[in-house]
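One structure below.
In this chain, numbering begins with 1 at the start of the sequence shown.
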Amino acid sequence: MFQRYMDSQYRRPTGLVGQWIGRKMLQQHQPENRWTVNLLDIQPTDRVLEIGFGPGFAIQQVAKLAFQGFVAGVDFSKAMVSAASKLNADAIDTGRLEIHHGDAERLPFADSTFNKAFSIHSIYFWTNPAAALREMWRVLEPDGTVVLTILPKERWNEADPDAPVGTPECKPYTGAELSVMLTQAGFTSTAIKSDANREYRSNYSVVARK
Ligand SMILES: C[S@@+](CC[C@H](N)C(=O)[O-])C[C@H]1O[C@@H](n2cnc3c(N)ncnc32)[C@H](O)[C@@H]1O
C-alpha cells in the first residue's frame with residue numbers, strides 16, 4: 001500500500017509530498033544525472049530533449065554545456081514543472097531552455113527538432129512506452145542519439161533476483177528489454193553502457209541512434 005503510494009509520487013509528484021520527493025530526487029539522482037549528461041557528450045550547439053526531467057538537475061547541466069544550442073524538457077507533473085522552472089530560471093530567461101508540461105506520448109515538437117534526447121528513471125512509469133519511444137524517434141534528426149538511463153530490473157532486488165519487482169504504477173525493465181523496445185521504435189545501434197563501479201547501480205543506460 002505504502003509502496004504503491006510512493007511509486008505513484010515518483011511517477012507523478014503532486015502537492016507537498018511531491019515537492020518533498022522532488023527535493024529528495026535532486027540530491028539522490030545526481031550521480032546518474034551526471035553519468036547521463038557525460039554519455040551524451042554535449043556540444044555547444046546541440047539541440048537536446050529530456051523527458052521526465054523531475055526537479056531539473058540534468059537539464060541545468062545540459063543547458064550550461066549547450067550554450068549556443070537549445071534544450072527542452074517535457075514532464076507531466078505540474079509540481080516538477082514548477083521546481084525545474086525555479087532551478088533553471090536563468091537559462092529559461094535567455095531562451096535557451098524551454099520547460100513543457102506534457103506527456104511523453106505526445107511531444108509538442110516538429111519532426112527532427114533535436115540531435116540528442118534522453119530520459120532518466122522515467123520510462124518505468126510511462127503508460128505506453130512504445131508510443132513514447134516512437135515520439136522520441138520522430139523528434140530526433142537522422143543519426144540523432146537517444147540515452148535511456150534506468151535502474152535495470154535485475155538490480156531492483158539483488159538479494160532475491162527472482163522476487164517480483166514493480167507495481168501497477170511502476171514497471172522496471174532489463175537493458176535487453178529496452179534495447180528491443182528501442183529497435184521496435186525504429187532505433188538502431190543499441191548498446192548498453194554501465195558504470196564499472198557497482199556502487200552506482202543506476203549508472204546504467206541504453207544508448208541508440210535514429
Ligand atoms: C522518478 S522521477 C525522475 C526525475 C528525474 N529524471 C531524476 O532523475 O531525478 C520520474 C519523472 O518522470 C515524469 N514522468 C513520468 N511519466 C511521464 C510521462 N508519461 N510523460 C512525461 N513525464 C513523465 C514524472 O513526472 C517525474 O518527474
Side-chain angles (χ1 to χ4, degrees), residues 1-33 35-37 49-59 72-85 87 99-109 117-139 146-157 163-182 184-185 187 192 201-208:
M1 190 75 173
F2 178 70
Q3 188 56 48
R4 280 193 69 178
Y5 174 71
M6 290 308 285
D7 280 355
S8 73
Q9 277 291 344
Y10 275 96
R11 174 176 186 269
R12 187 182 223 163
T14 52
L16 287 176
V17 175
Q19 288 171 27
W20 172 74
I21 296 262
R23 287 194 295 276
K24 202 167 139 185
M25 291 195 293
L26 189 58
Q27 302 306 322
Q28 210 175 31
H29 295 168
Q30 279 199 21
E32 51 267 46
N33 274 239
W35 155 269
T36 307
V37 173
L49 170 68
E50 180 176 13
I51 309 290
F53 49 70
F57 182 78
I59 37 175
V74 174
D75 196 297
F76 76 170
S77 157
K78 285 187 180 161
M80 293 302 96
V81 166
S82 167
S85 299
L87 187 70
I99 295 275
H100 292 262
H101 179 239
D103 197 299
E105 291 171 31
R106 285 172 299 281
L107 297 177
F109 308 105
F118 69 103
S119 187
I120 305 168
H121 287 315
S122 189
I123 194 165
Y124 335 112
F125 307 108
W126 299 353
T127 312
N128 187 344
L133 292 178
R134 280 197 302 273
E135 274 292 85
M136 287 179 97
W137 187 90
R138 181 184 66 76
V139 301
V146 64
V147 176
L148 302 176
T149 297
I150 55 167
L151 179 63
K153 192 174 174 180
E154 62 275 20
R155 295 186 186 171
W156 281 59
N157 186 349
V165 289
T167 61
E169 286 74 27
C170 175
K171 179 173 171 26
Y173 298 99
T174 64
E177 284 169 338
L178 276 197
S179 298
V180 170
M181 288 156 68
L182 281 162
Q184 286 170 345
F187 289 98
I192 292 173
R201 296 186 315 144
S202 295
N203 286 1
Y204 183 104
S205 308
V206 186
V207 181

**Q.** Test side chain to side chain contact (heavy atoms under 4.5 Å, CB included) applied to Val146 and Val206, step by step
**A.** CA-CA 8 Å; Val146 64; Val206 186; over 6 Å; no
Q: Would you please test Arg106 and Glu135 for salt bridge (charged side-chain N to carboxylate O under 4.0 Å, His left out) and show each step?
A: CA-CA 7 Å; Arg106 285 172 299 281; Glu135 274 292 85; over 6 Å; no
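Here the side chains of His121 and Thr149 are not in contact, with every heavy-atom distance at 4.5 Å or above. With contacts defined as side-chain heavy-atom distances shorter than 4.5 Å, the pair Leu49/Leu107 qualifies. In this structure, the side chains of Phe76 and Arg11 come closer than 4.5 Å at one or more pairs of heavy atoms. Glu177 is listed as a side-chain neighbour of Thr174, based on a closest heavy-atom distance under 4.5 Å. Residues Tyr204 and Ile192 meet the side-chain proximity criterion, which asks for heavy atoms closer than 4.5 Å. Using a 4.5 Å heavy-atom cutoff, the side chains of Pro168 and Arg4 are in contact. Taking the side chain as every heavy atom from C-beta outward, Tyr124 and Leu151 approach each other to under 4.5 Å.
Side-chain N or O atoms of Arg201 include one that pairs as donor or acceptor with a backbone N or O of Arg155 at under 3.5 Å. No side-chain donor-acceptor contact under 3.5 Å links Ser205 to the backbone of Val207. Between the Asn157 side chain and the Ala163 main chain, no donor and acceptor come within less than 3.5 Å of each other. For the pair Asp75 (side chain) and Phe53 (backbone), a donor-acceptor distance under 3.5 Å is present. Between the side chain of Thr36 and the backbone N or O of Glu32, at least one donor-acceptor pair lies under 3.5 Å.
What you find for Ala72 and Ile59 is that their closest heavy atoms are O-CG2, 4.4 Å. Scanning both residues, Gly166 and Pro172, for their nearest heavy atoms gives CA-CD, 3.7 Å. Across every non-hydrogen atom of Ala104 and Ile51, the tightest pair is CB-CG2, 3.5 Å. Shortest non-hydrogen contact noted between Leu87 and Pro55 is CD2-O, 3.5 Å. Ala84 and Gly56 make their closest contact through CB-CA, 3.8 Å (heavy atoms, listed as atom of the first residue, atom of the second, distance). Of all heavy-atom pairs spanning Ser122 and Gly52, the tightest one is OG-CA, 3.8 Å.
Between the CD1 atom in Ile21 and the OG atom in Ser8 there is a gap of 8.5 Å [rounded to 0.5 Å]. Rounding to the nearest 0.5 angstrom, the gap separating the CZ atom in Phe125 from the OG atom in Ser119 is 10.5 Å. Put simply, CE on Met80 and NE2 on His101 are 11.0 Å apart, with the number rounded to the nearest 0.5 Å. Here Phe57 contributes atom CZ and Glu50 contributes atom CD; the two are 11.0 Å apart, rounded to the nearest 0.5 Å. Of the inter-residue distances, the one linking Asn128 atom CG with Asp103 atom CG reads 9.5 Å to the nearest 0.5 angstrom.
Within the structure, the salt bridge (charged side-chain N to carboxylate O under 4.0 Å, His left out) test picks out no pair touching residues 12-24 (sequence neighbours left out).
With sequence neighbours left out, Ile123 forms a side-chain contact (heavy atoms from CB on, under 4.5 Å) with Trp126, Pro129, Leu133, Leu148, Ile150, Tyr173, Leu178, Met181.
Ring orientation note: the planes of Phe187 and Trp137 are nearly perpendicular, at an angle over 60° on the 30°/60° scale.
Phe109 and His100 have their aromatic ring centers within a separation under 6.0 angstrom.
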